[in-house]
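As a basis for the values below, the full set of heavy atoms in this structure was taken, side chains included, without hydrogen atoms, waters or symmetry mates. One-based numbering, in listed order, for ligands and for the atoms of each.
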Amino acid sequence: MMGMPNFSSSLASVDGAVMLASRATIPATDEGLLRGDGVFEVIRIYEGHPFALDEHLARLERSASNLRLPVDVAAVRADAHRLLAHAGVGPDHELLRIVITRGGRRLLFTEPMHAQPDVIRLASITYSPTRVLDGVKSLSYGANMLASRLARERGFDEALLVTPHGRVLEAPTSSIFWVSDGSLFTPPLDEHILASITRAVVIDVTGAAERACTLDELLGADEAFLASTTREAQPVGVIDDRRFDAPGPVTRQVAQDVAARIRDRLAAAAR
Ligand SMILES: Cc1ncc(COP(=O)(O)O)c(C=O)c1O
C-alpha cells in the first residue's frame, strides 16, 4: 500500500531527544498540525549515510526563511547526526524526514522506503501551484496527496500535475524529465515547481535543458522518467492513454549515471 509507512522500529528525535517514532508527540495546538504551517525535508540514507544532507539543509533553511519561520539549522544538523547514529543501518532507517513546525518543534524521523514500481503509470491531474508558497517545501501537502489519490482512483500509480492551461509541472513528490529527439528536458523552476535536489543531480550529470512543456508535447516525447530522493530516476511507462517503451535507452543510461554519481559522492563524503 502507498502512503505513509508504518513506524514499527523507526526512530524519532523531538527537539533533540531520541525515542521510538511511535512515542513521538507534539502539542495538538501546534499550528504545524492545525494549519500545515511548517516546512519539511526527506533525505535518503544509504547504508547509514545521508545523501546530499547539505543541500537538503540549505533548502530547509530557504523554505523556512520564505515562510518567515525561525529554524536553528545547526541544531537540526546535530539532531540528524545523533538520530542516525542511534538508528544505524536497517530497513526502518532508509529515509530521514525533518519537520519544523510553526509551534517551534524540531521533529526528525527515520523511515523505511516506500515500495516503488519499476515502471510508473501517471495520470494527468489539473493543479495550480500556490504562488505565495514558491520556494517553500511546506507542510501544506494536502493538494499533492489528493492528486496522487485521484490518480490511483483512476487506476494509475501516481499523478502528473498539469496546470489548467495544459503546462506540465511535476509529480506530487517528484520531478519529471522527458526525451525528445535524443535530448533530455525538464520544466524550468519558474513554472513554480520545487527545486528538487535529484533534479539538480540529473541536470548536472546529463546536461538536461530546462524547457516549458505542454501535456500534448510530453505525450509526443520518446521517453519520460520521474526523479526524486526516493526514486532516483524512475521510468514512466504510461501517461494517461499514451504508452512509453520503458525503460527507454536514454532513461536506462541516466538511471545508471545518477546512481553512479550518488555512489561517488557518498564515497567522497566518507573519505
Ligand atoms: C513537489 C515535489 N517535487 C519534486 C520533489 C523531488 O525533490 P527531491 O529530489 O529533492 O527529493 C519533491 C520531493 O518530495 C516534491 O515534493
Side-chain angles (χ1 to χ4, degrees), residues 2-5 36 38-46 50-64 66-67 80 94-100 109 111 113-114 116 120 122 124-151 157-163 167-178 184-206 208 210 213 224-234 236 254-255 257-259 261-262 265-266:
M2 303 274 285
M4 294 295 279
V39 298
F40 79 105
E41 284 293 324
V42 177
I43 299 158
R44 183 85 172 261
I45 309 301
Y46 293 88
F51 177 70
L53 180 63
D54 288 345
E55 285 103 313
H56 283 280
L57 290 179
R59 186 170 66 186
L60 183 79
E61 190 165 27
R62 278 199 316 276
S63 290
N66 289 339
L67 201 60
E94 292 175 322
L95 298 172
L96 173 66
R97 179 178 300 268
I98 303 175
V99 176
I100 310 294
F109 299 97
E111 295 179 6
M113 284 274 285
H114 309 225
Q116 286 286 351
I120 194 155
L122 304 179
S124 59
I125 299 286
T126 305
Y127 182 97
S128 291
T130 305
R131 292 293 173 91
V132 75
L133 288 177
D134 271 3
V136 183
K137 190 165 164 66
S138 87
L139 289 180
S140 303
Y141 255 44
N144 298 45
M145 299 299 99
L146 176 56
S148 297
R149 210 163 279 123
L150 293 174
D157 302 312
E158 181 54 294
L160 175 67
L161 306 178
V162 178
T163 71
R167 294 274 274 259
V168 173
L169 300 173
E170 58 189 339
T173 62
S174 53
S175 303
I176 181 112
F177 285 79
W178 66 95
L184 192 55
F185 301 99
T186 193
L189 296 182
D190 60 16
E191 293 282 44
H192 314 285
I193 59 175
L194 185 75
S196 148
I197 287 158
T198 319
R199 174 185 179 280
V201 171
V202 173
I203 291 174
D204 194 40
V205 167
T206 64
E210 297 180 309
C213 177
F225 63 88
L226 298 181
S228 77
T229 291
T230 53
R231 302 163 200 272
E232 299 183 358
Q234 182 182 35
V236 172
V254 171
D257 293 348
V258 167
R261 171 65 62 90
I262 291 169
R265 281 187 49 182
L266 287 166

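- Using cut-offs of 30° and 60° for the angle between ring planes, the Phe225 and Phe177 rings count as parallel.
- For ligand 1, residues of the protein lying within 4.0 angstrom by heavy-atom distance are Arg59, Lys137, Tyr141, Asn144, Glu170, Ala171, Pro172, Thr173, Ser174, Ser175, Leu194, Ser196, Ile197, Thr198, Ser228, Thr229.
- At a threshold of 4.5 Å between non-hydrogen side-chain atoms, the residues Ile193 and Ile176 do not count as touching.
- No salt bridge links Arg261 with Glu232; every basic N to acidic carboxylate O contact stays at or beyond 4.0 Å.
- No hydrogens or angles considered: a donor-acceptor pair under 3.5 Å links the side chains of Glu158 and Ser148.
- Taking 4.5 Å as the limit, some side-chain heavy atom of Leu95 sits within range of a side-chain heavy atom of His114.
- Partners of Asp134 under the salt bridge (charged side-chain N to carboxylate O under 4.0 Å, His left out) rule, at least two apart in sequence or in another chain, do not exist in this structure.
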